[in-house]
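What follows is a single structure, written as structure tokens, with notes after it.
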Amino acid sequence: MILTVTPNTALDQVLEVAQYVPGDRLNVLSNTECIGGKGNLVSAFTADLGMESVSLGFAAGKNGRRLAELLRRRGVRADFTPAPGETRRIVVVIDHKRRVQTWLVPESLRVNRPAEQDLEKRVHRWLPKASWLALCGSLPPGCSPLLYRRLTKMAHARNVPVLIDSRGPALIRALQARPEVMKLNMGELAATFQARPTTREAVGVLLTAFLKEGLQWAVCTMGAGGAAAAGREERWALVPPAIRPLSSAGSGDAFTAALLVRREESASWAEALRWAVAAGTAKAREARTDYLDLRAVRQLHRRIKTQRL
């Protein structure tokens, strides 16, 4: 079972327009409510890929209840910690002409130490059933930057490996507890470590340096450029075929889900990374943040190029 934690949960409201023109009247082609929040999406895609997942995190108000309902419909157990305020409803505007998306992100719910303690108790309760713990996304206001570090130590005490997909102080503090896998994208790499490598080879060299912090794998997704990954004994670049992307929202979470599921199915790291890039690429073709076309994933998997770095 893949256990995910999303402290900053969200619902996504996806609006598709022919062309986004600031200051103009925009006719909405479609308006879709989707699961949002990194870990929630990892759980949803994990269920799509045929593996059990439980989603934890802070949730509040009507939006929090709706998010839990959408996850249950997807086959995911949502065991959220109640929090004051309201779970975010993020508006994602898809521009069909430019094939890009714009996020409108409102203020988040707020948490306090009692809420953190409740979440930690839920993590502790689920860990004996987990094969991986995925710590995903930003931390909401009021949340300690040490939360991910504490949860990593808790997982290791139960011999459960940890993947972290975050940024900023939350990620830096978590690395002190030596999670097994760090996964981030180019924007998160630049924002957290002030690093802007321009080639896959340079990304690979930088990722290798992180292994000195105790990681087993460091992985960076690169949008249309695929991904680079560094392990203690191997380093890979994975290049997808060219596609016409529509929205990258959720692509990184499809990547994470496929990576963990295939590893649980005993695939090598190189093979699991191929599946992960295929899943992220397939998701980028879709407007919905929470939709993954499994047939497209299988087709793209055969076309992923794997190169040693």
Side-chain angles (χ1 to χ4, degrees), residues 1-7 38-39 41-43 45-46 49 51 53 55-56 123 127 130-138 147-168 170-189 192-193 195 203-222 226-238 251-280 306 309:
M1 183 268 284
I2 307 300
L3 182 63
T4 68
V5 174
T6 313
K38 280 179 175 286
L41 286 167
V42 171
S43 283
F45 295 137
T46 294
L49 292 165
M51 185 166 289
S53 186
S55 183
L56 307 182
V123 172
L127 276 173
S131 51
W132 277 91
L133 173 63
L135 304 174
C136 303
S138 61
L147 177 64
Y148 283 156
R149 188 174 77 175
R150 290 197 296 265
L151 295 181
T152 299
K153 290 182 177 180
M154 187 184 299
H156 287 168
R158 290 279 188 168
N159 295 315
V160 176
V162 177
L163 177 147
I164 184 162
D165 179 358
S166 188
R167 64 190 296 170
L171 172 59
I172 292 171
R173 298 293 183 87
L175 292 179
Q176 296 169 355
R178 299 191 170 189
E180 279 68 20
V181 181
M182 177 183 70
K183 180 263 172 190
L184 37 59
N185 60 36
M186 293 291 282
E188 292 162 344
L189 186 67
T192 305
F193 301 105
V203 173
V205 169
L206 181 59
L207 293 178
T208 300
F210 288 117
L211 302 182
K212 298 176 183 178
E213 304 299 323
L215 291 166
Q216 293 182 11
W217 280 88
V219 182
C220 183
T221 56
M222 305 172 66
R232 293 177 180 175
E233 297 180 356
E234 52 191 319
R235 202 161 68 193
W236 297 100
L238 301 107
S251 288
D253 309 311
F255 179 104
T256 298
L259 178 68
L260 295 182
V261 168
R262 295 311 182 210
R263 280 296 295 165
E264 282 304 288
E265 294 173 344
S266 300
S268 67
W269 277 101
E271 181 63 8
L273 286 162
R274 286 184 66 200
W275 280 105
V277 171
T306 306
L309 289 175

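Along the sequence shown, residues are numbered consecutively beginning with 1. Every value quoted in this text rests on a predicted model; they were computed, and no experiment measured them.
Atom CH2 of residue Trp236 and atom CZ of residue Arg274 lie 10.0 Å apart, to the nearest 0.5 angstrom. Atom OG of residue Ser131 and atom CG of residue Leu3 lie 9.5 Å apart, to the nearest 0.5 angstrom. Note that CG of Leu184 and CZ of Phe210 are 7.0 Å apart. Values are rounded to the nearest 0.5 Å. Note that the CD atom of Gln216 and the CZ atom of Arg232 stand 5.0 Å from one another [nearest 0.5 Å]. The NZ atom of Lys183 lies 9.5 Å from the CG atom of Leu259; values are rounded to the nearest 0.5 Å. Here Thr6 contributes atom OG1 and Leu41 contributes atom CG; the two are 8.0 Å apart, rounded to the nearest 0.5 Å.
Scanning both residues, Leu189 and Cys220, for their nearest heavy atoms gives CD2-SG, 4.3 Å. Closest of all the heavy-atom pairs between Val42 and Ala257 is O-CB, 3.6 Å. The heavy-atom pair separating Lys38 from Cys136 by the smallest distance is CB-CB, 3.6 Å. Across Ala228 and Leu309, no two heavy atoms sit closer than the pair CB-CD1, 4.2 Å. Summarising the geometry of Pro7 relative to Leu147, their closest heavy-atom pair is CG-CD2, 4.1 Å, with the distance given to 0.1 Å. Annotation for Thr192 and Gly168: closest pair OG1-N, 2.8 Å, computed over non-hydrogen atoms.
Looking only at side-chain heavy atoms (C-beta outward), Leu207 and Trp217 stay at 4.5 Å or farther from each other. Residues Arg235 and Val205 meet the side-chain proximity criterion, which asks for heavy atoms closer than 4.5 Å. Side-chain atoms of Val162 and Trp132, non-hydrogen and from C-beta on, never get closer than 4.5 Å to each other. In this structure, the side chains of Trp269 and Arg263 come closer than 4.5 Å at one or more pairs of heavy atoms. Under the 4.5 Å side-chain criterion, counting only non-hydrogen atoms from C-beta, Phe193 is not in contact with Leu206. Considering only heavy atoms from C-beta on, Glu180 comes within 4.5 Å of His156 through its side chain. Using a 4.5 Å heavy-atom threshold, the side chains of Val261 and Trp275 count as separate.
In summary, of the residues considered (Leu133, Leu49, Leu163), a side chain to side chain contact (heavy atoms under 4.5 Å, CB included) with Leu260 occurs for Leu163 alone. Considering Leu151, Leu171, Val5, Thr152 in turn, Leu171 is the only one that fulfils the side chain to side chain contact (heavy atoms under 4.5 Å, CB included) rule with Ile164.
Remark: the backbone N or O of Leu175 is not paired with any side-chain donor or acceptor of Tyr148 at under 3.5 angstrom. Although no hydrogens or angles enter the test, the distance criterion places no donor-acceptor pair under 3.5 Å between the side chain of Ser166 and the main chain of Ser138. Of the possible polar contacts, none joining the Arg262 side chain to the Ser266 backbone as a donor-acceptor pair under 3.5 Å is found. Under the 3.5 Å distance criterion, the side-chain polar atoms of Thr4 are left unmatched by any main-chain donor or acceptor of Ala134.
Atom CZ of Arg150 sits in a crowded spot, with more than 12 heavy atoms from other residues, nucleotides or ligands closer than 6.0 Å.
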